[in-house]
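Structure first, then comments.
This structure is a prediction, so every number in the text was calculated from the model and none was measured. Reminder, nothing fancy here: chain letters follow the sequence lines and each chain counts from 1.
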Number of protein chains: 2
Amino acid sequence: MKGQDIKDAGLKVTLPRLQILEFFEKNPGKHFSADDLFTQIRKSNNEIGLATIYRVLNQFESAGLLVKHQFDNALAIYELDTGEHHDHMVDVDSGEVKEFYNQELEELQVKLVRSYGYELIDHNMVLYVKKIK
Amino acid sequence: MKGQDIKDAGLKVTLPRLQILEFFEKNPGKHFSADDLFTQIRKSNNEIGLATIYRVLNQFESAGLLVKHQFDNALAIYELDTGEHHDHMVDVDSGEVKEFYNQELEELQVKLVRSYGYELIDHNMVLYVKKIK
DNA sequence: GTGGGTGCAAATAATTTGCACGGTA
DNA sequence: TACCGTGCAAATTATTTGCACCCAC
């Protein structure tokens with residue numbers, strides 16, 4: 001039951017929180033901005049406020065339920081945290097965001113950083129791509 | 001002579017443009033935000049306006065004189081375009097930005113993307129690191 | 001001299017915050 | 001019932017734009 005995740009995060013189970021979490025679960029592997037959620041949830045004649053969405057997204061991110069991404073200088077987008085690390089490809093024609101994971105790439109980064117005398121804490125990699133016709 | 005770059009970009013050679021370009025040339029390999037430049041150039045008792053800096057940075061970026069980066073959701077930063085592609089490491093403790101280039105990493109990305117049926121147009125890679133003590 | 005360039009202030013855009021009211025535990 | 005959560009509007013932050021004056025060519 002989805003309310004449990006919210007409770008586990010130390011948050012009260014309220015309608016806006018349920019609606020936001022449900023929306024992500026109904027659209028697995030997809031990414032949404034605060035405004036996307038605002039528009040979509042309002043469509044289902046619900047009186048949610050944009051400020052609430054921003055607040056809840058931050059809380060869910062802190063709780064580890066969602067992951068936040070900021071590509072370019074576009075709107076921040078969120079996705080369900082599946083626990084599996086991955087990076088993103090953005091199709092420059094369609095704007096579509098695709099996830100990928102490549103072990104070799106991950107290991108190479110760790111090795112590279114270490115050769116400079118650092119340890120890798122985190123990384124942010126976005127590949128901008130175009131379909132080959 | 002530095003005014004030439006500005007002229008080549010189809011822009012008039014004005015004091016603010018010279019000051020901004022000179023500032024980057026005096027600090028090679030460093031990255032600055034619009035606000036950094038504003039503060040620094042004003043210190044040398046010059047009456048530059050912040051809006052002018054934003055405008056000039058955009059013009060210089062379009063002209064290929066500068067490269068713009070947007071890490072995290074922090075201020076946009078600019079650096080001189082040396083013509084050589086590189087990526088960035090950010091030291092999470094000091095905030096210092098270091099450039100690096102790794103052929104293997106570059107090639108791996110091209111190969112990876114191609115295996116998904118795409119061609120690589122551009123990429124954005126930032127490694128967040130910590131010094132090993 | 002003319003059209004582009006500048007500084008200032010006001011406008012935007014994304015996000016955050018203050019506040020009075022409402023709902024969860 | 002106590003307090004957290006909500007919606008709305010106002011505040012913030014980074015950046016852009018309108019406008020009257022100024023200067024490079």
Side-chain angles (χ1 to χ4, degrees), chain A residues 1-23 31-63 65-66 68-78, chain B residues 1-23 31-63 65-78 95:
Chain A
M1 186 236 183
K2 44 214 149 205
Q4 196 54 48
D5 291 333
I6 298 175
K7 220 169 266 178
D8 290 347
L11 301 166
K12 285 186 181 169
V13 180
T14 62
L15 192 54
R17 287 182 180 144
L18 276 172
Q19 285 167 179
I20 291 172
L21 195 50
E22 270 173 29
F23 191 81
H31 306 70
F32 301 100
S33 67
D35 206 65
D36 289 338
L37 294 164
F38 182 63
T39 314
Q40 296 296 316
I41 294 177
R42 280 249 162 154
K43 261 188 196 160
S44 342
N45 57 33
N46 284 302
E47 304 290 300
I48 200 165
L50 186 52
T52 300
I53 294 180
Y54 275 107
R55 268 182 299 236
V56 171
L57 288 175
N58 282 333
Q59 294 158 345
F60 283 2
E61 194 203 359
S62 300
L65 293 174
L66 297 178
K68 180 181 186 173
H69 298 288
Q70 182 105 36
F71 300 153
D72 278 310
N73 43 0
L75 295 195
I77 56 175
Y78 293 81
Chain B
M1 185 237 185
K2 43 214 150 207
Q4 196 55 45
D5 290 336
I6 298 174
K7 220 170 266 178
D8 289 347
L11 301 167
K12 286 186 182 169
V13 180
T14 62
L15 192 55
R17 286 183 181 142
L18 276 172
Q19 286 168 176
I20 291 170
L21 195 50
E22 269 171 32
F23 191 80
H31 305 71
F32 300 100
S33 67
D35 206 64
D36 290 338
L37 294 164
F38 183 63
T39 313
Q40 296 296 317
I41 294 176
R42 281 248 162 156
K43 262 189 198 160
S44 342
N45 56 34
N46 283 301
E47 303 290 300
I48 200 165
L50 187 52
T52 299
I53 294 180
Y54 275 107
R55 269 182 299 234
V56 171
L57 288 175
N58 282 333
Q59 293 159 344
F60 283 1
E61 193 204 359
S62 300
L65 292 175
L66 297 177
V67 183
K68 179 182 188 173
H69 298 288
Q70 182 106 34
F71 301 153
D72 279 309
N73 42 359
L75 296 194
I77 57 175
Y78 292 80

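Contact annotation for B:D35: no contact, since no heavy-atom pair falls under 4.0 Å across all strands. Using a 4.0 Å heavy-atom criterion, one finds that B:A76 contacts the sugar-phosphate atoms exclusively. If you check every strand for non-hydrogen atoms under 4.0 Å, A:R17 touches sugar and phosphate atoms only.
Distance CD1/A:I48 to OG1/A:T39: 11.0 Å, rounded to 0.5 Å. Note that CD of B:E47 is 12.5 Å distant from CD1 of B:I41, once rounded to the nearest 0.5 Å. Expressed to the nearest 0.5 Å, how far CD1 of A:I53 lies from CG of A:N58 amounts to 12.0 Å.
Ring geometry, B:F23 versus B:F32: the interplanar angle exceeds 60°, so the pair is classed perpendicular (tilted spans 30 to 60°).
B:L37 has its CG atom 13 Å from the P atom of C:dG7, to the nearest Å. A:I53 has its CD1 atom 13 Å from the P atom of C:dT16, to the nearest Å. A straight line from CG of B:L50 to C1' of C:dA11 spans 15 Å, rounded to a whole angstrom. When the P atom of C:dG5 is taken as reference, atom CD of B:Q19 falls 16 Å away, rounded to whole Å.
The span of DNA chain D lying next to chain B, judged by atoms under 4.0 Å from heavy atoms, is bounded 5' to 3' by D:dA14 to D:dC25.
For C:dG4, the base has no donor-acceptor partner in the side chain of B:R55 [N/O atoms by modelled type, under 3.5 angstrom].
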- [ ] Summarise protein proximity over nucleotides 20-25 of chain C in one line of letters, 5' to 3': B for base, S for sugar-phosphate only, - for none, counting protein heavy atoms closer than 4.0 Å.
- [x] ---BBS
Task: side chain to side chain donor-acceptor pair (under 3.5 Å) between A:D36 and A:Q40, worked out - done: CA-CA 6 Å; A:D36 289 338; A:Q40 296 296 316; over 6 Å; no
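Counting only distance, with no hydrogens or angles, the side chain of A:D5 and the backbone of A:G3 share no donor-acceptor pair below 3.5 Å. The backbone N or O of A:V56 sits nowhere less than 3.5 Å from a side-chain atom of A:R17 that would complete a donor-acceptor pair. Checking side-chain atoms of A:Q70 against main-chain N and O of A:A74 turns up a donor-acceptor pair under 3.5 Å.
At the phosphate of C:dT16, neither OP1 nor OP2 sits under 4.0 Å from any side-chain N or O atom of A:Y54.
Both A:I48 and B:Y78 lie near DNA chain D, and the one whose nearest nucleotide falls closer to the 5' end is A:I48. Mapping B:G10 and B:F38 onto DNA chain C by nearest heavy atom places B:G10 at the nucleotide closer to the 5' end. Residue A:L75 is the one, among A:T52 and A:L75, whose nearest nucleotide of DNA chain C lies closer to the 5' end (criterion: closest heavy atom).
The two atoms that bring A:D35 and A:L75 nearest to each other are CB-CD1, 4.3 Å, heavy atoms only.
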